[in-house]
Every structure is written in structure tokens, then in C-alpha cells.
2 protein chains.
Amino acid sequence: MSTERSGDYLRRSLELLWGRRERPTRGPKPALTLERIVAAGVRIADAEGIEALSMRRVAAELRVGTMSLYRYVPGKAELLELMIDRAYGMTDGTDAPEGANWRTVLRYVALGTWRMYLDHPWLLQVNLARPVLGPAAVAGFDYALSGLADLDITDHERIGFVAAVDGYVAGCARTHVNAAQAARQTGISDEEFWAAHGPMLEKAMLSGAYPHVAALAEDTFAVPGERLFEFGLERLLDGLETFLARRSGAGGGANGGEASGGTDGIEAD
Amino acid sequence: MSTERSGDYLRRSLELLWGRRERPTRGPKPALTLERIVAAGVRIADAEGIEALSMRRVAAELRVGTMSLYRYVPGKAELLELMIDRAYGMTDGTDAPEGANWRTVLRYVALGTWRMYLDHPWLLQVNLARPVLGPAAVAGFDYALSGLADLDITDHERIGFVAAVDGYVAGCARTHVNAAQAARQTGISDEEFWAAHGPMLEKAMLSGAYPHVAALAEDTFAVPGERLFEFGLERLLDGLETFLARRSGAGGGANGGEASGGTDGIEAD
DNA sequence: CCGAACCGGGTACACCGTACTCGATTGCGC
DNA sequence: GCGCAATCGAGTACGGTGTACCCGGTTCGG
């Protein structure tokens with residue numbers, strides 16, 4: 001029975017995602033649209049944070065009874081899935097470089113994803129079990145793959161490239177986005193936070209337990225998160241480039257094969 | 001007034017984190033310990049997921065009234081902070097290579113963090129605004145820095161290295177951990193999930209809208225997440241190595257400076 | 001034109017975090 | 001020894017959440 005129920009739920013959710021929407025002909029015209037509900041959800045999450053998103057809040061935004069939403073969406077989880085795919089789709093790819101260098105493509109994807117996370121921080125805060133396989137997500141994945149089409153690597157390595165970039169972007173963005181929202185979310189300003197931590201950290205530094213942290217210059221942590229992100233991104237792309245050079249070139253570039261272990265590609269199981 | 005309150009909260013929270021605990025001499029002996037409460041919280045979150053963690057649940061675990069917890073912890077947020085620092089501290093660093101190659105140190109840190117995220121998936125699901133600056137976290141950061149001490153790079157670049165690895169690990173682990181928990185969290189098995197998605201995806205592939213995804217070999221997605229993680233990690237470390245080689249070597253290695261933009265380090269503001 | 005199908009949404013329940021409050025317990029100062 | 005202040009455990013209650021269930025009004029097919 002649980003199997004049937006979950007099967008139904010999945011089918012319903014997928015139909016919503018991929019837009020199989022046929023209105024029944026009987027009954028009154030719906031006052032709402034899936035589109036409007038999802039848009040309202042995104043608006044609220046963007047403006048007030050994911051913790052402010054509740055079914056009641058969405059209904060209030062649309063001037064509608066809370067339970068009316070359940071005529072369009074099976075539950076909050078499905079609403080979140082739809083919001084995620086909508087956010088994916090909101091990044092316009094009009095300026096996407098076509099037929100460009102693989103590095104240019106991956107960098108474009110990474111920066112676009114980064115900007116998307118900054119615009120919709122809740123994307124990283126809602127912990128969705130499985131990736132949302134909606135049209136927008138698949139399209140983005142396809143574009144990333146298009147940049148790798150001409151490379152002489154296996155398909156496993158192709159998704160290895162994409163996964164590495166995606167993982168790096170998500171991780172960095174998570175830190176950055178959380179920090180940016182910190183003041184609003186906790187009600188504690190950066191000044192208060194560091195003023196409270198200052199004495200504690202200073203004592204910890206003087207204790208000698210953390211010599212390498214203590215040795216850092218004072219302004220070390222003043223680097224803006226975006227700069228850190230771009231720095232690491234280029235390093236990661238460099239590393240992918242090294243992989244390609246090793247693969248195609250005659251056995252190892254000047255990077256010295258000795259110190260770098262794990263140069264193997266991704267073999268099948 | 002809000003300033004005073006938040007200041008107090010911060011001070012209290014910090015004292016809990018850094019273990020400034022002086023028992024008052026008056027009054028009855030406490031029946032609980034901070035330690036026991038935090039441990040119970042970690043146990044519940046590990047076993048049943050972060051969504052199962054509630055103050056009532058923790059209190060029940062300790063056979064204690066719900067409100068008794070508030071004698072030891074200001075609120076749920078602070079309990080989470082303590083749980084996080086405890087999880088950081090649970091990774092024993094006894095096998096940490098001392099005075100090793102920078103690459104060995106960073107790889108060790110990355111693998112340790114990865115394993116920690118697998119053991120405590122909720123670390124990536126609780127969205128904490130600001131990083132938890134507890135003793136364990138600072139110690140881990142210090143160890144990572146120790147591996148970079150001898151390198152001829154700026155402090156900004158040092159934290160650039162660490163942030164890149166940390167970001168990558170967190171992002172990859174998030175995806176992997178969510179996938180691993182998916183069945184339990186949604187009540188939908190992988191078989192059901194893919195069975196439901198299969199027809200939809202097949203139709204999408206046949207539509208021609210996603211040519212590069214459609215061109216992938218069938219078993220492309222069968223790569224275990226851990227393999228993907230290790231692959232990208234070595235690529236990232238390769239990239240950091242390239243950066244060092246460029247910095248110390250006589251202007252650019254064999255990697256060809258032309259195609260790789262953004263080779264600059266991190267300058268101050 | 002009637003009945004089936006569909007829409008909006010009110011009510012209710014179980015859960016959550018926690019503010020407030022109480023009596024019970026303890027040990028210091030006298 | 002004793003009183004009192006301090007500390008402890010915890011019950012009650014409030015406002016929030018997601019959503020199951022249900023009912024009256026609306027609309028169109030036969």
C-alpha cells in the first residue's frame with residue numbers, strides 16, 4: 001500500500017514538474033495557477049528566507065485559503081521541488097557562449113550557478129533528498145556537457161568534471177550565502193558577533209594551541225567570499241586541464257607526475 | 001535592548017562552546033550534564049535524521065522533562081552549535097601525518113571531513129548562519145594550515161587553498177549524503193524513484209532537447225559518489241600544485257599560460 | 001435541467017520551540 | 001542548627017507549523 005501511495009505521489013510530482021497539465025472540463029474554473037503559487041513561494045523565500053515559507057504564508061500572499069493550495073500541490077515538499085526547478089529556469093542563458101572552449105563553458109556554468117545561489121540562497125538551505133530532475137536542471141546539465149563533447153575522455157570522466165565543478169560551487173556558495181544571511185537570520189550583527197568572539201579567540205591564539213592560525217596576518221580573513229570562490233574555481237579548472245594534458249600528451253606534463261597521486265581516471269565498477 | 005539581549009546570548013553560547021563551566025555552589029546538584037544532552041542530540045540526529053531532533057525528543061531520550069533542557073542550553077540553536085563542534089571533535093586525529101607534504105595534509109583533511117559528513121549527515125542539513133568557531137573547528141583549521149606553512153604563498157592564498165578544499169568537500173558531500181538518505185527521508189526507494197522517472201526521462205531524451213545527455217552511455221551514472229569525490233579532489237589538488245609551480249617556477253609550467261585565465265593570486269582589497 | 005465533478009476553504013489534530021511559573025531541593029552565612 | 005537565597009526539575013500554555021477530513025457552492029455534460 002505504501003508502494004502504491006508513493007508511486008502515485010511520484011507520478012503526480014513528476015507531472016507537475018514536466019508540465020503535463022490537462023484541465024478537467026467539469027467544475028468551476030480554478031482561481032489559482034500552479035505558476036502563481038510557485039512564483040509566490042519563490043518571492044517569499046527570496047525576500048524573507050526559507051524559514052518564512054509556510055503554506056499559510058503562501059496562501060496569505062495569494063489572498064486565498066490555506067487549504068486551497070492543496071488543490072494544486074500535493075504538499076510542501078512538492079512545492080519546494082517546483083520552486084527549485086523554477087529557480088533553475090530563471091537564469092537566462094542568452095549570453096551563454098556557444099561552441100566555446102570547455103574551460104569557458106565550465107566557468108560560465110559555475111559563475112551562473114554561483115549567481116543563482118546568491119539570488120536564491122534557500123536553494124542550499126532546503127535539504128532535498130534527491131536532485132530535482134526538472135526540465136531546467138536537465139537543460140543546464142546538457143549545456144555543461146556540450147562544452148566537454150569534443151574532449152577525448154570517457155563519459156564517466158565527463159560527469160566527473162561536471163560534478164567537481166558543481167560540488168565546488170555549491171560548497172563555496174553555501175558558506176558565502178550563510179554568512180551573508182547571518183545578520184538577518186540571527187538578529188546579531190557582524191560587529192556584535194566579532195566583538196563577542198574577539199576576546200575568546202585572542203585568548204585561544206595566545207594559548208599556543210593554534211600556532212598556525214595565530215601566525216596569520218590580521219587582515220587575512222578580510223578577503224571577500226567571491227574572490228575566494230573565483231580563486232579556487234580557477235585552480236580547479238587548472239587541475240582539470242592538467243588531467244586533459246596528461247591524458248592526451250605523451251605521459252605527464254611538466255607538473256611532475258611523482259608527487260601527484262591518484263591520476264587515474266574513473267573506471268567503471 | 002535587543003543589543004543587550006543578543007550580546008548576552010552570544011556570551012552564553014561562547015562560554016558553553018569553550019567550556020567555561022563553573023558550577024554554582026548553592027542549590028541541588030544538577031541531574032544532567034551539558035555533555036550528556038549534546039551527546040543525546042548527536043545520537044538522535046545520527047540515527048533518525050535532523051528532522052527527528054526536537055527538544056522533546058532529546059528530553060525523552062534522557063528521561064527528563066522537556067523544559068529541564070533549558071537549564072543547560074539557551075535554546076535549540078545553541079544545542080545545534082554544540083552538536084556541531086562535538087561532531088568536529090569526534091574525528092580523532094591520531095593518524096594525522098605530521099610534517100608531511102602539503103598535498104598529503106590537505107588530502108588527509110579532505111578525506112577526514114568527507115568521512116565526518118558521512119557519519120553525521122545533518123552537519124550539512126542544518127543551515128547555520130555563521131561558522132561554529134569552537135575549539136575543534138579551530139584545531140582542524142590549524143592543522144590544515146600547518147601543511148601550508150612552508151609554502152611561499154601569502155596568507156590570503158593560504159586560506160584560499162583551505163577554503164577551496166573545504167568548499168569542494170562540503171558541496172560533494174552534500175549531494176552524496178542527500179542521495180544516501182533519500183530513501184529513508186522520502187519513503188521512496190531508489191527503484192521506485194527511477195521507475196517513475198524512467199519513462200519521463202526517456203521521452204525527454206528522445207525529444208532531442210538534450211542531445212549531450214542523450215549521448216551519454218547508459219551506465220554513466222553508475223559511478224559511486226565516493227569515486228566522483230576522489231576524482232575531483234585530485235584534480236583540485238593538481239590545480240593547487242599548478243599554482244605553486246607557476247608561482248615558484250620561472251613563469252608558467254608546461255600547462256600553457258594562454259588558455260588559463262585568472263592565474264593571479266589573491267591580493268588584498 | 002439535474003446530477004456528477006470539481007473548486008474553495010473552514011475546522012481540527014498532532015507536532016514544534018519556548019515563556020512563564022511553580023514547588024522541591026540544596027548549602028551558605030549566621 | 002536554622003533560615004533564606006539560590007538553584008533545580010518540570011508542568012502548563014501560547015503561537016506557530018503541515019495537512020487530513022469534510023462540506024457547501026459552482027460549473028458543465030448528458
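Excluded from the calculations below are hydrogen atoms, water molecules and symmetry mates; all remaining heavy atoms, backbone and side chain alike, are included. Since we're looking at a predicted model, the values are computed, not measured. So that the names make sense, note that chain A is the first sequence line, chain B the second, and so on, each numbered from 1.
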Heavy atoms under 4.0 Å, any strand shown: does A59(A) hit a base, just sugar-phosphate, or nothing? nothing
To the nearest angstrom, how far is Y70(A) atom OH from dT11(C) atom C1'? 14 Å
For dG8(C), does OP1 or OP2 lie under 4.0 Å from any side-chain N or O of Y72(A)? yes
Check the distance between dG18(D)'s P and E78(A)'s CD and give it to me in whole angstrom. 13 Å
Could you please name the option among dA10(D), dT18(C), dA20(D) that lies closest to any side-chain atom of T66(B)? dT18(C)
K76(B) side-chain N/O to L53(B) backbone N/O, donor-acceptor pair under 3.5 Å: yes
For A40(B), side-chain contact (heavy atoms from CB on, under 4.5 Å) partners two or more places apart: R43(B), V58(B), E61(B), L62(B)
Not counting sequence neighbours, which residues clear side-chain hydrogen bond (donor to acceptor under 3.5 Å, both in side chains) with R174(A)? List them please. none
Grab the CZ-P distance between R63(A) and dG8(C) for me, whole Å please. 17 Å
Let's see if you can work this out: which of dA19(C), dG9(D), dG8(C) has an atom nearest to the side-chain heavy atoms of M67(B)? dA19(C)
Those residues at least two apart in sequence (or on a different chain) that pass side-chain hydrogen bond (donor to acceptor under 3.5 Å, both in side chains) with E218(A) are none
Relative orientation of the end axes in the helix from dC1(C)-dG30(D) to dC30(C)-dG1(D), expressed as an angle to the nearest 10° (five pairs per end): 10°
S68(B), nearest nucleotide to its side chain (from dG8(C), dA10(D), dC6(C)): dA10(D)
Which donor-acceptor pairs under 3.5 Å do side chains of residues 118-126 of chain B form with protein atoms, sequence neighbours excluded?
from, atom 1, to, atom 2, distance (Å)
H120(B), ND1, D46(B), OD1, 2.8
H120(B), ND1, D46(B), OD2, 3.0
W122(B), NE1, D46(B), OD1, 2.6
Q125(B), NE2, N178(B), OD1, 3.3
Q125(B), NE2, Q181(B), OE1, 2.8

Between K29(A) and dC6(C), does any side-chain N or O lie under 4.0 Å from OP1 or OP2? no
For atom CG of L62(A) and atom P of dC7(C), their distance in whole Å: 16 Å
Enumerate the protein-to-nucleotides 14-17 of chain D contacts in which both atoms are nitrogen or oxygen and the separation is below 3.5 Å.
from, atom 1, to, atom 2, distance (Å)
dT17(D), OP1, S54(A), OG, 3.2

How about E202(A): does its CD atom have over 12 heavy atoms from other parts shown lying under 6.0 Å from it? no
Using the ring pair (Phe, Tyr, Trp, His ring centres under 6.0 Å) rule, collect all pairs that involve residues 168-187 of chain B, keeping only residues at least two apart or in two chains. W114(B)-H176(B), Y168(B)-F229(B)
With Y108(B) via side-chain hydrogen bond (donor to acceptor under 3.5 Å, both in side chains) - residues at least two apart: D95(B)
Please report, rounded to the nearest Å, how far the P atom of dG17(C) is from the CZ atom of R71(B). 19 Å
Length of the line joining L69(B):CG and dG9(D):P, which is rounded to integer Å: 10 Å
When the side chains of residues 132-139 of chain A are checked against the rest of the protein, which donor-acceptor pairs come out under 3.5 Å, sequence neighbours left out?
none

